[in-house]
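Here's the structure, in structure tokens; my notes come after.
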Protein chains: 2
Amino acid sequence: MALRPTTERGRQTRQRIVEAAAGVVADKGAVGASLDEVGARATASRSQLYHYFDDKADLLRAVAEATNDTVLGGQRDLFAELDSWDGLVRWTDALVGFQEQLGGRGGCPIANLVAQLGERDDDIRTVLASGFDRWEDHINAGLTAMVTRGELLPGTDVDWLAASTLASLQGGLILTQARRDPQALRRALDGALALIGTYRRAS
Amino acid sequence: MALRPTTERGRQTRQRIVEAAAGVVADKGAVGASLDEVGARATASRSQLYHYFDDKADLLRAVAEATNDTVLGGQRDLFAELDSWDGLVRWTDALVGFQEQLGGRGGCPIANLVAQLGERDDDIRTVLASGFDRWEDHINAGLTAMVTRGELLPGTDVDWLAASTLASLQGGLILTQARRDPQALRRALDGALALIGTYRRAS
DNA sequence: CCGCTACTGGACTGTCAAGTCCAGTAGCGG
DNA sequence: CCGCTACTGGACTTGACAGTCCAGTAGCGG
């Protein structure tokens, strides 16, 4: 079992390796990503790779954790405002805008790894599932706050609504990725908003 | 360019190869699938593989087309009844039931291939996108029939509703795959049904 | 029945890739 | 300043794999 680095220099090297690996995985896919390519991008030798990671699977596991943090971290500010209808709309607009910037490329990094590795590595799959759980928790917290402040009807099943919203988002992302068309995500998220809208309090 | 077989024997061999390849891809992922494994399962030698396919990418393209046909063909009977609320509910029950049989494993074969190959092979991505298009067309046809027979309100935006429904389904599948929990698909499809339900005619 | 072509068998080559091993050094604590 | 350990460099081995090439044959049409 590769030990966690004990020095600042070691921690920085490990971090460089994980970030480089995440980049290679984004470009080549998890299976197609080679350790040589990772080493070249991280400016790290094979010994360093094997100093910090038991094997390629161990490195990919670290990439999965980093991917969760990157995807969720990138939405932190939007999650903070997810407690109002306007915040919800801004969140969906930002997601679609981001896909427009990407030209519909890339899809969801977490979902990609589930499809590439999830059927053959339960540890990695579990890490990625926890990423989805955290994502859903953010949506759930926002919807709960909207109920609390009276923007959604009391008794709204926020657990179910949060789950349905995340599903719409994930589905919109895979369809966008296949079609290279961010409007696919727009339509999916509009569906989620329309469903949430049916629970809005009349004003 | 490998030619299409001209004899019945050749067609059967090519078919065996594609089916064997689809099985290896399901087990090992597209990138991890080796031609040796495909040959072993299809009882076909390397010469036969290269007689019918230019290279591995060419074979994977054929697998993508076969995957579309398999996934959509498997729902043919349900699609035929997708023109009523009851048919919609049966369709969603069947999809969830199928995931329960699988124990939440596998995910959507089309989406898996998009995530595994779609960022690096535009031909394959386009084939898979056409699979999603056909799937959405079936849903669209059902919703349109429901409007025509008065089960959904006139003026219902069936294009958008079909797109949103497919997104919910795809999202539910990826979340089910990550969590190994068919209830994730159940919740997603309930969201789709609830949204469609808002367009039902009062009776 | 024979010639020809599509189909078939499988050995072989070159390249890539994961993982191992040997050796050197930066930097920290005593 | 020195010893020690975490960190570093990179050569090397082994095995897997895609693709090429040579040769044989089943089966069909004339």
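Proteins come first, then strands; the chains are lettered A, B, ... in the order of their sequence lines, and each starts at number 1. Being a predicted model, the structure only gives us computed values, none of them experimental.
- Under the salt bridge (charged side-chain N to carboxylate O under 4.0 Å, His left out) criterion, no residue pair touches residues 154-173 of chain B, with sequence neighbours excluded.
- Protein atom CG of A:Leu49 is 13 Å distant from nucleotide atom C1' of C:dA17, rounded to whole Å.
- Contacts with DNA chain C (heavy atom under 4.0 Å) in residues 17-29 of chain A: none are found.
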Would you mind building the protein contact string for nucleotides 12-23 of chain D? One character per nucleotide, 5' to 3', B for base within reach (heavy atoms under 4.0 Å), S for sugar-phosphate only, - for untouched. -----SBBBB--

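- Between A:His138 and A:Phe79, the ring planes lie parallel to each other; the angle is under 30°, not in the 30° to 60° tilted range.
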Just the table, please: protein N/O against nucleotides 3-7 of chain D N/O, every pair under 3.5 Å.
from	atom 1	to	atom 2	distance (Å)
D:dC7	OP1	A:Thr6	N	3.3
D:dC7	OP1	A:Thr7	N	3.3
D:dC7	OP1	A:Thr7	OG1	2.9
D:dC7	OP2	A:His51	NE2	2.9

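- Take B:Arg120 and apply the side-chain hydrogen bond (donor to acceptor under 3.5 Å, both in side chains) test, not counting sequence neighbours, and it matches no residue.
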Hey, mind stepping through B:Asp58 and B:Arg61 against salt bridge (Lys or Arg N to Asp or Glu O under 4.0 Å) and telling me if it holds? CA-CA 5 Å; B:Asp58 193 23; B:Arg61 199 167 304 131; 3.4 Å; yes

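- For the salt bridge (charged side-chain N to carboxylate O under 4.0 Å, His left out) test, residues two or more places apart in sequence or in another chain that qualify with A:Arg46 are A:Asp36.
- A salt bridge links B:Arg187 with B:Asp181: at least one charged nitrogen is closer than 4.0 Å to a carboxylate oxygen.
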Can you give me every donor-acceptor pair (side chain of residues 23-32 of chain A, partner residue at least two apart or in another chain, under 3.5 Å) with its distance?
from	atom 1	to	atom 2	distance (Å)
A:Asp27	OD2	A:Arg41	NH1	3.2
A:Asp27	OD2	A:Arg41	NH2	2.7

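- Annotation: ring-ring contact (aromatic ring centres under 6.0 Å, His included) contacts of A:His51 (sequence neighbours excluded): none.
- Checked against side-chain hydrogen bond (donor to acceptor under 3.5 Å, both in side chains), A:Thr92 has the following partners two or more places apart in sequence or in another chain: A:Arg186.
- For B:Glu136, the side-chain hydrogen bond (donor to acceptor under 3.5 Å, both in side chains) criterion is met by A:Arg179, not counting sequence neighbours.
- For the 3.5 Å distance criterion, the side chains of B:Trp91 and B:Glu81 fail to qualify, holding no donor opposite an acceptor.
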Side-chain atoms of residues 97-105 of chain B: list all donor-acceptor pairs with protein atoms under 3.5 Å, sequence neighbours left out, distances to 0.1 Å.
none

Dot-bracket line, read 5' to 3' along DNA chain C, where crossing pairs take [ ] and | marks a partner on another strand, Watson-Crick or G-U under 3.5 Å: ||||||||||||||||||||||||||||||

